[in-house]
Amino acid sequence: MFEQELAGIAGHIKAALAELGLPDPGEVKWQATPFAGQWGQGTNICFQAAAAEARSAGRKVNVPQRAQELAQQVVARLAPPPGFARLEADKAYLNAYFDTPSYAARVVEAVLTAGADFGRGPAKPEQVMVEYAQPNTHHSFHIGHARNALLGEVLARVLQFAGYPVIRASYPGDIGLGVITILWAYDKFYKGQEPAGVHERGQWLLKIYAEATALLEPQEGETAEAAARRAAFDAERRELYRRWDAGDPAVRELWRVTREWSLEELREILAELDIAIDVWFYESEVDEPSKAIVDDLIARGLAEDQRPAGPVVVKIDEKLGLTKDKYRTAVVLRSDGTSLYLTKDLALAKVKFEQYHVDRSIYVVDFRQSLHFQQAFKILELWGFPQAAKCHHLSYGYVTLPEGGMSARRGRVVLFKDVAEEAYRRVHAVIEEKNPELAPAVRDQVARQLGLGALVYSMLSVDNVKDIEFRYDDALSFDGKTAPYIQNAHVRAASILRKAGALPPPVNFDYDLHALEVELIDLLTRFPATVQAAANEYKPLHMANYVYELAKTFHSFYHEAPVLQAESPTVRAARLRLTAAVKQTLANALRLLAIQAPDVM
RNA sequence: GCGCCUGUAGCUCAGUUGGAUUAGAGCGUUUGCUUGCGGAGCAAAAGGCCAGGGGUUCGAAUCCCUUCAGGCGCACCA
């Protein structure tokens, strides 16, 4: 928030070093000072200057000692600029300490004036599409899908708040061998059946898939008879896929009806998570256009057509002249002419850039598909697609269970719906114990806010690259570094403000500020930069860590510094406004994390 | 075999892109704090050779090399 002032000081520092006859040490970078209760920014520029001097002198110099000397000389030459209390040389660092009373008021008023927009970045021209929520249809939505949907949604929110126009895209896998497998089993064993209820139908399809896979997978030590039966089943399945591909009306109808069962469930869950998708792409819709791309790749000599004996392939490494295996060889069309996942992603990229005019396209897909995306983007590049370099795969770790990876094939999954229900139950139990006077009407709402919040936070407070081993007790904990802890800080602030009545008019923080007040104000100034960092690095984790720090500091402040019973009207007014600013910032940060900020709990 | 990723406290994880008193949190363990703005809280203790070994640098958990351990991927699944 104080970039201009700091840039001004930086200029003076560089001028002072030049006057001392030192080589240009490069850019002055500021970082917060690590001392609690003091509010300042420091730079290590004197280290750089001393090191540069030592290099040019070509003789042995004690760099830390020389750096401290320089820092002291610079401090002696400079007067603190307006708004700053003092400049100090400390362990070779140059530290600038803010004049707390004037800046404290400035920060708090800036937050309260901007309100829900506090932290929003300047508008940027680059339009970004974020693709996430790509579960396969004909399956039920499990906890791994939830991580994907949340990561994508929060990335979209953060990018948007950082200043980018964002389009949210979903790409359900509504066709492919997996989907056909379910249609085959349904048609053969369960034709005409249909359980009642949105989630029941979804879970039922999952059960059918597990059964079908068991019938189609080679078994250990199977008899020749069993193997023959399996081969016959597989032939039936392939034939069904061929009929789908040819547009057989009966197959298409069965496919449409069962697909709608899944999409209904998906839409309901996305609504529960407060996710509103702008554009829906379906794999089935890019199926035909993708085949035209393959024809073009063949025509240009990029792809090799081995049909009917083999598939159509692109030998990527060979085309790039690489000798080691890196991108390898990719199959872009089956020998029977049906398309693959990779084929469709080529067509989808074209649609995104040409029909939706985006400037950057982010794919939120777990890391096991890294090679797939490297291949897809590289083929696009070879093909001469101009925006190939604007495609980014946001890879993240997957969600496992203590007993191993989740597997739809084995029916070993934890369904999102079950976790959410359990979360609500647990919050209700805590309310019963801690806040029994809470009106029944708001209990359900609070249970959803906290239960879902806990789940969401547990998924977003881990770095993208890390796998998450899912356990109920970890994901649905309400103590410590969790959403309810953060939400509780918001509730406490709300409670204080409610008791105070109207917010007093702005005052100067013209008193000896408590160390925790200084820390809170310091944290407030860091929010806008945190939003930008989270957007630039695709890391919701920055947001999750920030909001926890803010909540934690507020909890401490709450215990140590009385607000309503403050020692004077000025202190009381200042702390009330600070409390309001913290509450606003907590709410803004939680909103970016797709977590609700309740006023009571 | 080749490629990508990971290794920090008993467990789960941060570490602001190479900086600062003593590497930080949460859970768990031990101990204090409620006639007090809501205790889903606060304060404190114990717990570390940052996987091992080299190197670069004034300075390394962070960069480079290497060894070890684990995960994932590698031609017609998505």
Side-chain angles (χ1 to χ4, degrees), chain A residues 31-35 42 44 47-48 50-51 54 61-67 90-93 95 134 136 173 175-179 181 283 306 310-313 315 324-336 338 340-342 344 365-372 374-375 395 397-398 400 405 427 430-431 433-435 450 458 461-463 465-469 471 473-474 477-482 484-485 487-489 491-493 495-500 526 529-530 533 537 541-542 544-546 548-549 552 555-556 558-566 575 579 600-601:
Chain A
Q31 60 187 27
T33 55
F35 312 113
N44 61 13
F47 271 114
Q48 316 297 349
V61 185
N62 184 333
V63 170
Q65 195 187 329
R66 176 66 179 148
D90 184 10
K91 293 186 192 62
Y93 278 80
N95 295 333
Q134 321 91 329
N136 292 332
I175 189 57
L177 202 55
V179 170
T181 302
E283 275 195 58
Q306 305 170 345
V312 180
V313 301
K315 294 180 174 170
K324 272 191 182 174
D325 285 354
K326 169 94 177 153
Y327 299 99
R328 298 161 198 272
T329 294
V331 175
V332 292
L333 204 64
R334 289 193 186 90
S335 44
D336 66 3
T338 54
L340 292 125
Y341 185 50
L342 180 61
K344 292 168 227 177
V365 183
D366 87 54
F367 78 99
R368 286 174 292 190
Q369 290 174 41
S370 298
L371 178 60
H372 162 80
Q374 283 181 17
Q375 290 179 329
S395 156
Y398 62 114
T400 64
V427 180
V430 177
I431 291 173
E433 180 203 339
K434 310 227 181 220
N435 196 4
L450 300 211
S458 76
S461 56
V462 176
D463 199 12
V465 299
K466 291 253 165 70
D467 291 346
I468 294 177
E469 190 172 305
R471 286 188 205 83
D473 288 345
D474 291 349
S477 163
F478 304 148
D479 302 321
K481 194 177 179 185
T482 64
Y485 173 94
Q487 289 166 318
N488 189 32
V491 166
R492 284 178 148 174
S495 172
I496 290 175
L497 294 169
R498 203 164 39 236
K499 291 211 160 96
R526 275 138 85 159
T530 305
E537 297 168 36
L541 175 61
H542 285 314
N545 284 340
Y546 173 84
Y548 171 69
E549 274 309 309
K552 185 177 156 71
H555 276 304
S556 299
Y558 175 91
H559 278 270
E560 288 205 23
V563 177
L564 294 176
Q565 277 92 39
R575 286 186 179 159
T579 299
V600 292
M601 62 188 269

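Letters A, B, ... mirror the listed sequences (proteins, then strands); counts begin at 1.
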Given A14(B), A25(B), A40(B), identify the nucleotide with an atom nearest to the side chain of Y548(A). A25(B)
Quick one: which of A14(B), G3(B), C42(B) gets closest to the side chain of K326(A)? G3(B)
What pair of heavy atoms forms the shortest contact from A67(A) to A92(A), and how long is it? CB-CB, 3.6 Å
Mind listing the closest non-hydrogen atom pair of R328(A) and D325(A) along with its distance? NH1-OD2, 3.4 Å
Applying a 4.0 Å non-hydrogen cut-off, can you work out what D479(A) is touching in the nucleic acid: base, sugar-phosphate, or nothing? sugar-phosphate
By ring-ring contact (aromatic ring centres under 6.0 Å, His included) - contacts of H372(A) (at least two apart): Y341(A)
Would you please confirm or rule out a distance under 4.0 Å between OP1 or OP2 of C42(B) and any side-chain N or O of K552(A)? no
If we take the C1' atom in both C11(B) and U29(B), what is their distance in whole Å? 12 Å
Complementary nucleotide of C42(B), counting Watson-Crick and G-U pairs under 3.5 Å: G32(B)
Could you tell me if the ring centre of Y398(A) sits under 6.0 Å from that of F367(A)? yes
Please enumerate all residues that pass side-chain hydrogen bond (donor to acceptor under 3.5 Å, both in side chains) together with T181(A), with sequence neighbours excluded. R237(A)
Would you mind classifying the nucleic acid contact of V600(A) as base, sugar-phosphate or nothing, using non-hydrogen atoms under 4.0 angstrom? base
Output the rounded distance in Å from NE2 (H542(A)) to C1' (U16(B)). 7 Å
Could you give the distance separating C65(B) and A9(B) at their C1' atoms, to the nearest angstrom? 29 Å
Quantified in whole Å, what is the P atom distance between nucleotide U17(B) and nucleotide G53(B)? 27 Å
What distance, rounded to whole Å, do you find between the two C1' atoms, one in G3(B) and one in G41(B)? 49 Å
Of all the nucleotides listed (U17(B), A40(B), A14(B)), which has the minimum atom distance to the side chain of I431(A)? A40(B)
Touch check for V491(A), heavy atoms < 4.0 angstrom, all strands: base, sugar-phosphate only, or nothing? base
Just by distance, with hydrogens left out, do T338(A) and R334(A) show a side-chain donor and acceptor under 3.5 Å apart? yes
According to a strict under-4.0 Å criterion, is K434(A) in side-chain N/O contact with OP1 or OP2 of A40(B)? yes
D463(A) CG - U6(B) C1' separation (whole Å): 11 Å
Using atom C1' in both nucleotides, what's the gap between G10(B) and C4(B) to the nearest angstrom? 31 Å
Short side-chain N/O contact from K324(A) to OP1 or OP2 of G3(B), under 4.0 Å: yes
Is U56(B) in the syn range, within 90° of 0, or in the anti range? anti
Could you tell me the separation between the CG atom of N435(A) and the P atom of G38(B), rounded to a whole number of Å? 11 Å
For a quick check, with a 4.0 angstrom heavy-atom cut-off, what is the B/S/- contact string for nucleotides 70-78 of chain B, read 5' to 3'? -SSBBBBSB
Between A25(B) and C63(B), how far apart are the two C1' atoms, rounded to whole Å? 26 Å
Using a heavy-atom cut-off of under 4.0 Å over every strand shown, decide if F478(A) touches base, sugar-phosphate, or nothing. base
Of all the nucleotides listed (C58(B), G7(B), G41(B)), which has the minimum atom distance to the side chain of K466(A)? G7(B)
Hey, is U17(B) sitting syn or anti, using the within-90° cutoff around 0? syn
Ignoring hydrogens and geometry beyond distance, is a side-chain donor-acceptor pair present between N545(A) and K481(A) at under 3.5 Å? yes
So that I can tick it off, tell me whether K466(A) and D463(A) are bridged by a salt bridge, with the cut-off set at under 4.0 angstrom between side-chain N and carboxylate O. no
Hey, is the side chain of K499(A) poking within less than 4.0 Å of OP1 or OP2 on G38(B), counting only N and O atoms? yes
Can you tell me if the side-chain N/O atoms of R492(A) get under 4.0 Å from OP1 or OP2 in G39(B)? yes
Atom NZ of K481(A) and atom C1' of C11(B) are separated, to the nearest Å, by 15 Å
Contact class for Q375(A) vs. all strands (heavy atom < 4.0 Å): base, sugar-phosphate, or nothing? nothing
Among C58(B), A20(B), G26(B), which nucleotide has an atom closest to any side-chain atom of P64(A)? C58(B)
Between D479(A) and S477(A), do the side chains contain a donor N or O and an acceptor N or O under 3.5 Å apart? no
Classify V462(A) by what it touches in the nucleic acid, base, sugar-phosphate, or nothing, heavy-atom distance under 4.0 Å. sugar-phosphate
Base, sugar-phosphate, or nothing: which does A566(A) touch, judged by heavy atoms less than 4.0 Å apart? nothing
R471(A) atom CZ is separated from G28(B) atom P, nearest whole Å, by 14 Å
State whether R368(A) and D366(A) are salt-bridged, where the test is any N-O pair (Lys NZ or Arg NE/NH1/NH2 against Asp/Glu carboxylate O) under 4.0 Å. yes
Note: for S556(A) and S477(A) on RNA chain B, the residue whose nearest nucleotide lies more 5' is S477(A)
Give me the distance, rounded to whole Å, that separates G18(B) from C64(B) when you measure between the C1' atoms they each carry. 13 Å
Output the rounded distance in Å from CD (E537(A)) to C1' (U16(B)). 9 Å
Tell me whether the side-chain N/O atoms of S495(A) come closer than 4.0 Å to OP1 or OP2 in G38(B). yes
Suppose you measure atom C1' in G28(B) against the same atom in C13(B); what distance do you get, rounded to whole Å? 14 Å
With a 4.5 Å heavy-atom cut-off, do Q306(A) and V313(A) have their side chains touching? yes
May I ask you to say what Q31(A) touches in the nucleic acid, namely base, sugar-phosphate or nothing, with a heavy-atom cut-off under 4.0 Å? base
Could you state the CZ-C1' distance from R526(A) to G15(B), rounded to the nearest angstrom? 13 Å
Within this structure, what is the CG-to-C1' distance between D473(A) and C11(B), rounded to whole angstrom? 13 Å
Y546(A) side chain near U16(B) phosphate (N/O to OP1/OP2, under 4.0 Å): no
Is C4(B) paired to anything, Watson-Crick or G-U wobble with both distances less than 3.5 Å, and if yes, which nucleotide? G71(B)
